[in-house]
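Written below as structure tokens is the structure these notes are about.
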Amino acid sequence: MTGTILCVAEKPAIAKAVASHMSGGAFQLSNIPGNKYVKNYQFTFNFGGRWGQCSVTMTSVLGHLTETEFGSHHRAWASCPPEDLFDAPVYESVAKDKVSIAQNIAVQARSCRALFIWTDCDREGEHIGTEVRKQALEGNPRLEVKRAKFSNTERAHVLQAARQPIELDERQANAVAARIELDLRIGAAFTRLQTLQLQTLLSSLTDKVISYGSCQFPTMGFIVDRYFRVKNFKPETFWLIKVIHVRDDIKVNFSWRRVHLFDRAVVTIMLERCLAAKKARVTKVNERPTSKWRPLPLTTVELQMMGSKYLRMTGQDIMKTAESLYTKGFISYPRTETDQFDKAIDLKKLVEKQVPDGSWGQYARGLLDGNFRTPRSGRHNDQAHPPIHPIAWVSPTALNASEKKVYEFVVRRFLACCSEDAKGKTTEVEIQYGEEMFQAKGLIVLEKNYLEVYVYEKWESSQQLPVFQLGEEFEPTEAKINEGKTTPPNYLTEPELIALMDANGIGTDATMADHVAKIKDREYVGTRTRGSGRSAVTEFIPTSLGVALYEGYNNIVSAIPGCPSLSKPFLRKEMEQRMREICAGTKTRREVIHESLERYQEVFYLTKSRIEILKAACQKYMLGS
DNA sequence: GCAAGGTC
């Protein structure tokens, strides 16, 4: 035996899974003083190569160990002008509630020859790895430090990762360090500025914190943006030609290729030309197989979007529920960007676990009996976690109402991924009538396949079209003008908001729901229900404070070309891009912090000198509220 | 009394 190796994972669940695989189940478990979640696992493992047979102590942290804060001179709000926070010194220290975890690592490191870091293989994981390394080296400065590269906790994959350790990615860790410092400085500076300025303006704001965050504000911005589009909407009248033809007792509605026009006179002339031509000619008859694709493997963003659409839960509730299902071992890790399954995962074995279920067990059986298909692969892979999938079957009686809903969704989605696409047939008839083109479509669903188990999506046969021959001419039963009005867009719903955040790089899969909850808590936005019963959806409406902040910041920068508003996602996107440059090695942490601070400082001083504009917006919308 | 990101 050649010494002991200390292994540290990002969370207890990973430590447990990895320890189980490496030890073959034969480990000694011990608690650590001061924390009930973190455990130490002791066993032996043959790493092969230069490491050989070693004792192993496997433990974990609970996410980040440290926090970054201003020094005591700058902590009180009145201690300095807010702009000082852009260059006041910041200090990194072990968070109070993590001290015992940090000590455990330092103590264990003393008797070890090497440290293997098993944090998630994503950006934050690399940074957490450097935090772990620092603690371990404090216990034992001679420690050799390696990093395990793994993207799931499948047995063979874990063993392979243990035997071929690599190095921490310092660049990714540096990118995160830059993000941490920037978020703190910018968030604190703007929050203090606007809170102190606006609190004294209106009595309704006296004891409110009016926080600014590079994710909070753009999230609020999406909601206000939509609100103004709804509010400023002017309906317009349009006209269209509708052609109806009855054949074999089937009434066929042909829709106009131009959809509609906004000039009644023009549409009238076009209809007259159609009627003058008397006969319509069939220019296209198309009958072809069609399919509705089964869904992609489940990511966090998709879970939240689908969940708030179909399960009537908020993104935050869905995530909380998914986390509890995960800690109980029923589903895989719920925070993932990956929408492709690794080949090494035995999907059929996971399908088999669902056979006992009363609702979808039969369907799972069918997959095993020959209906199984390899899931489609999406284009995302975070290299840290597999798509969300069920790990074990659980009786519905063992779950509460929310857990039941989320678990059922995860299972049905998984089974749908492993199924055949739905199959159908579309018929398309195109006619020329006068100078105008019209079209009718019919759909027959032939095989529902995945839709049998994925009950959230609908795909139904439409009315069947009668037979039309290519080139035939007929006189339509009726042709007339219909009038309509354009309708305003709806207020933003949660799935739409999550999609916008995702597309604009606002927040991560783990934090999006938190940002939404935060701006509600800050009273920048509220929610209400649109519709009723099964079709009810929750929509977001800004408060007068939200509208005032949005408009105030837009007005502050509007006269300055190239100066983006704080309510738009642009500055955050730019910061994200710079972080990627650190990862690519084209920029350093110092350069990025400097550049990003300059960008935000420009807006800050502009806001400070034009603070009356922000105040005016608050007075405009909030007086009397 | 400030952020966003991990995780319980």
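A, B, ... follow the sequence lines: proteins, then strands. Residue 1 opens every chain. Computation of the quantities below employed the complete heavy-atom set of this structure, encompassing side-chain atoms and omitting hydrogens, waters and symmetry-equivalent molecules.
- With sequence neighbours left out, A:Arg179 forms a side-chain hydrogen bond (donor to acceptor under 3.5 Å, both in side chains) with A:Glu124, A:Asp183.
- In terms of the side-chain contact (heavy atoms from CB on, under 4.5 Å) criterion, residue partners of A:Lys620 (sequence neighbours excluded) are, by chain and number, A:Glu551.
- Pairs passing the salt bridge (Lys or Arg N to Asp or Glu O under 4.0 Å) check and including a residue from residues 317-330 of chain A, sequence neighbours excluded, read A:Glu323-A:Arg335, A:Lys328-A:Glu403.
- When each of A:Arg335 and A:Thr195 is assigned the nucleotide of DNA chain B bearing its nearest heavy atom, the one mapping closer to the 5' terminus is A:Thr195.
- For DNA chain B, the neighbouring residues in residues 171-194 of chain A, judged by any heavy atom under 4.0 Å, are A:Arg179, A:Ile180, A:Asp183, A:Leu184, A:Gly187, A:Ala188, A:Thr191, A:Arg192.
- Residue-level contact check: A:Glu67 touches neither bases nor backbone, having no heavy atom under 4.0 Å from any strand.
- Nucleotides of DNA chain B nearest to A:Asp509 and A:Trp77 differ in position, and the one nearer the 5' end is that of A:Trp77.
- Within the structure, no pair that satisfies the salt bridge (Lys or Arg N to Asp or Glu O under 4.0 Å) test touches residues 194-205 of chain A, not counting sequence neighbours.
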Legend entry - Stepwise salt bridge (charged side-chain N to carboxylate O under 4.0 Å, His left out) test for A:Lys11 and A:Asp120: CA-CA 9 Å; A:Lys11 44 191 164 267; A:Asp120 294 355; 2.7 Å; yes
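- Counting 5' to 3', DNA chain B first comes under 4.0 angstrom of a heavy atom of chain A and last does so at the ends given by B:dG1 to B:dC8.
- Contacts of A:Arg522 with the nucleic acid, taken as non-hydrogen atoms under 4.0 Å apart, involve only primed sugar atoms and P, OP1 or OP2.
- Residue A:Gly507 is classed as a sugar-phosphate contact, given heavy-atom separations below 4.0 Å to backbone atoms only.
- Under the rule for a ring pair (Phe, Tyr, Trp, His ring centres under 6.0 Å), the partners of A:Phe409 that lie at least two apart in sequence or sit in another chain are A:Tyr456.
- Note on A:Thr219: nothing from the nucleic acid sits closer than 4.0 angstrom, heavy atoms only.
- Counting non-hydrogen atoms under 4.0 angstrom, A:Asp120 reaches the backbone sugars and phosphates but no base.
- Nucleic acid contact class of A:Pro82 (heavy atoms, under 4.0 Å, all strands): none.
- With sequence neighbours left out, A:Lys146 forms a side-chain hydrogen bond (donor to acceptor under 3.5 Å, both in side chains) with A:Glu167.
- By the salt bridge (Lys or Arg N to Asp or Glu O under 4.0 Å) test, A:Glu69 is found to be paired with no residue, residues two or more places apart in sequence or in another chain being considered.
- Here A:Arg589 pairs with nothing under the salt bridge (Lys or Arg N to Asp or Glu O under 4.0 Å) rule; sequence neighbours left out.
- Remark: the backbone N or O of A:Leu85 is paired with a side-chain donor or acceptor of A:Arg185 at under 3.5 angstrom.
- Using a 4.0 Å heavy-atom cutoff across all strands shown, A:Glu323 reaches no nucleic acid atom at all.
- Residues that satisfy the side-chain hydrogen bond (donor to acceptor under 3.5 Å, both in side chains) test with A:Lys518, not counting sequence neighbours, are absent from this structure.
- Nucleic acid contact class of A:His127 (heavy atoms, under 4.0 Å, all strands): none.
- The stretch residues 92-104 of chain A touches DNA chain B through A:Lys98, each having a heavy atom within less than 4.0 Å of the strand.
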